[in-house]
Amino acid sequence: MNPVKIAPSLLAADFGNLQRDVEIVNQSEAAWHHLDIMDGLFVPNISYGMPVIKAISKFATKPLDTHLMIMDPDRYIQTFADLGIYMLTVHYEACTHLHRTIQAIRATGMKAGVALNPHTSVELLKDIIGDLDLVLIMSVNPGFGGQSFIPNTYEKIRTLKKMIKEQKASALIEVDGGVSMENAAKLIEAGADVLVAGSAVFKSEKPSETISKLAHAAVS
Ligand code: DX5
Ligand code: ZN
């Protein structure tokens, strides 16, 4: 089994000390920095935008995993490419022409992901899974950090893993929302490749140690 990747979500970082918190991730066992972009329309919250991403990218030494919770994300694909984003993930529910959006992301050289809200079935991806680098399964309703994990997520991961295998696709499965030491091992066992963690990392006493513990979580 490949080691799980940990992507700490900077949404839970101390924005007054953003550089310090980005450096914590740089120095840790994390694989990626997870950036949450919200527009106040697709989700009932606004997080941060281009100037802040630009500042983060100046200090970040790991790939930027960017989760767009915005309507009509096609408008900003080139802007995100210019900012040096590694993985650009759009929401299934926010794209009318998802196939076109995915092609447009890949044409810039970025990797392309699709995120699913808790109510959206993974089966809906069966005609596009071969074109995806990543599927992000939301394990809370998007918009806020610090919410409780939705247990139905395990079954969604298993179903998606099966679909990926059957189609010989290579998309990674990322889980986002309420991830902690309570559920990390079970998520890995179900087939998760990437775990996003905000509160569990940044609200802990030693964020770097928490990242290591999550990275090495395994069913005993
Ligand atoms: C929620 C975001 C998450 C969030 C996770 O809409 O997509 O990435 O930061 O935060 P925690 O880990 O606190 O649930
Ligand atoms: Zn996210």
Side-chain angles (χ1 to χ4, degrees), residues 4-15 18 21-22 24-25 28 30-49 52-53 56 60 62-71 73 76 80 85-94 110-120 132-154 156-157 172-188 192-205 207-208 210-211 213-215 217:
V4 71
K5 294 184 194 319
I6 306 301
S9 167
L10 286 172
L11 193 63
D14 174 358
F15 282 18
L18 198 48
D21 284 358
V22 170
I24 288 174
V25 178
S28 76
W32 298 342
H33 302 268
H34 184 81
L35 312 185
D36 288 299
I37 313 305
M38 306 177 184
D39 66 354
L41 270 175
F42 180 69
V43 288
N45 195 10
I46 297 175
S47 54
Y48 51 85
V52 175
I53 299 171
I56 292 169
K62 300 188 177 184
L64 302 178
D65 173 37
T66 302
H67 176 192
L68 299 185
M69 285 159 273
I70 67 174
M71 296 304 291
Y76 300 107
F80 284 110
I85 298 307
Y86 169 72
M87 176 76 72
L88 196 66
T89 296
V90 296
H91 262 267
Y92 178 89
E93 304 83 2
M110 289 185 289
K111 295 201 176 292
V114 171
L116 302 178
N117 277 338
H119 73 273
T120 306
L132 304 180
D133 296 298
L134 176 136
V135 177
L136 185 161
I137 298 182
M138 283 304 308
S139 37
V140 299
N141 283 293
F144 304 93
Q147 303 181 79
S148 307
F149 178 83
I150 300 172
N152 163 47
T153 305
Y154 299 118
K156 287 178 85 168
I157 298 171
L172 296 174
I173 301 178
E174 180 172 51
V175 181
D176 185 4
V179 172
S180 69
M181 282 309 290
E182 307 286 299
N183 49 34
K186 218 174 149 191
L187 288 167
I188 297 166
D193 303 296
V194 188
L195 300 180
V196 175
S199 315
V201 167
F202 288 107
K203 308 292 180 221
S204 70
E205 227 158 86
S208 184
T210 305
I211 292 167
K213 281 187 191 151
L214 287 168

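Fair warning: this is a prediction, and the values are worked out from it, not measured in the lab. Any value given below was found using the heavy atoms of this structure, including those in side chains, with hydrogens, waters and symmetry copies removed. Counting convention: from 1, in listed order, for ligands and their atoms alike. Throughout, numbering of the chain's residues begins at 1 and tracks the sequence.
At a 4.0 Å heavy-atom cut-off, ligand 1 touches S199 through backbone and side chain alike.
Remark: ligand 1 atoms within the under-4.0 Å shell around heavy atoms of G177 are 14 (O). Taking every non-hydrogen atom of H34 and a distance limit under 4.0 Å, the qualifying atoms of ligand 1 come out as 8 (O). Proximity to D36 (heavy-atom distance under 4.0 Å) selects the following atoms of ligand 1: 2 (C), 3 (C), 4 (C), 7 (O), 8 (O), 9 (O). With ligand atoms numbered from 1 in the order given, ligand 1 contributes 6 (O) to contacts under 4.0 Å with heavy atoms of P142. Interface of H67 with ligand 1, defined as ligand atoms under 4.0 Å from a residue heavy atom, comprises 7 (O).
Residue contacts with ligand 1 include M69, since one of its heavy atoms falls under 4.0 Å from the ligand. Contact annotation: G146 has at least one heavy atom less than 4.0 Å from an atom of ligand 1. Under the 4.0 angstrom criterion for non-hydrogen atoms, G178 is in contact with ligand 1. Under a 4.0 Å heavy-atom criterion, V140 is not in contact with ligand 1.
Distance check: H91 NE2 to L116 CG gives 8.0 Å after rounding to the nearest 0.5 Å. Note: D14 CG to K203 NZ = 8.0 Å, rounded to the nearest 0.5 Å. In this structure, T89 OG1 and D65 CG are separated by 5.5 Å, a value rounded to the nearest 0.5 Å. Between D176 atom CG and I137 atom CD1 the span is 11.0 Å, to the nearest 0.5 Å.
For H34 atom NE2 and D36 atom OD1, the angle they make at the Zn ion (ligand 2) is roughly 90°, to 10 degrees.
Atom 12 (O) of ligand 1 has as its closest protein heavy atom G198 N, 2.8 Å. G145 CA, 3.6 Å is the protein heavy atom nearest to atom 10 (O) of ligand 1. The protein atom (non-hydrogen) at minimum distance from atom 9 (O) of ligand 1 is S9 OG, 2.8 Å.
When each of D193, L195, L172 is paired with K5, the side-chain contact (heavy atoms from CB on, under 4.5 Å) condition holds for L172 and for no other.
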Practice problem: Start with the C-alpha gap between T66 and M110, add the side-chain angles, then the distance that decides, and say whether side chain to side chain contact (heavy atoms under 4.5 Å, CB included) holds. | Solution: CA-CA 11 Å; T66 302; M110 289 185 289; over 6 Å; no
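Using a 30° and 60° split on the angle between ring planes, F15 and Y48 fall in the perpendicular class, above 60°.
Residue-to-ligand polar distances place G143 within reach of ligand 1: an N/O pair is separated by less than 3.5 Å. At under 3.5 Å, not a single nitrogen or oxygen of A200, backbone or side chain, sits near a nitrogen or oxygen of ligand 1. Looking at ligand 1, you won't find any N or O of N141 less than 3.5 Å from one of its N or O atoms.
For the pair I24/D21, a side-chain contact is recorded, criterion being any heavy-atom separation below 4.5 Å from C-beta on. Counting heavy atoms from C-beta on, the side chains of L11 and M38 come closer than 4.5 Å.
In this structure, of L11, V179, D176, the residue bringing a heavy atom nearest to atom 5 (C) of ligand 1 is D176.
Between T210 and S204, the side chains place a donor N or O and an acceptor N or O closer than 3.5 Å (distance only, hydrogens not considered). Counted by atom type alone, H34 and D36 present one or more donor-acceptor pairs between their side chains at under 3.5 Å.
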What pairs of donor and acceptor atoms, side-chain ones from residues 145-152 against any protein atom, are under 3.5 angstrom apart with sequence neighbours left out?
| unit_1 | atom_1 | unit_2 | atom_2 | d |
| --- | --- | --- | --- | --- |
| Q147 | NE2 | N141 | O | 2.7 |
| Q147 | NE2 | F144 | O | 3.0 |

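For the Zn ion (ligand 2), the nearest N, O or S atom contributed by D176 is named OD2. The minimum distance between the Zn ion (ligand 2) and any N, O or S atom of H67 involves atom ND1.
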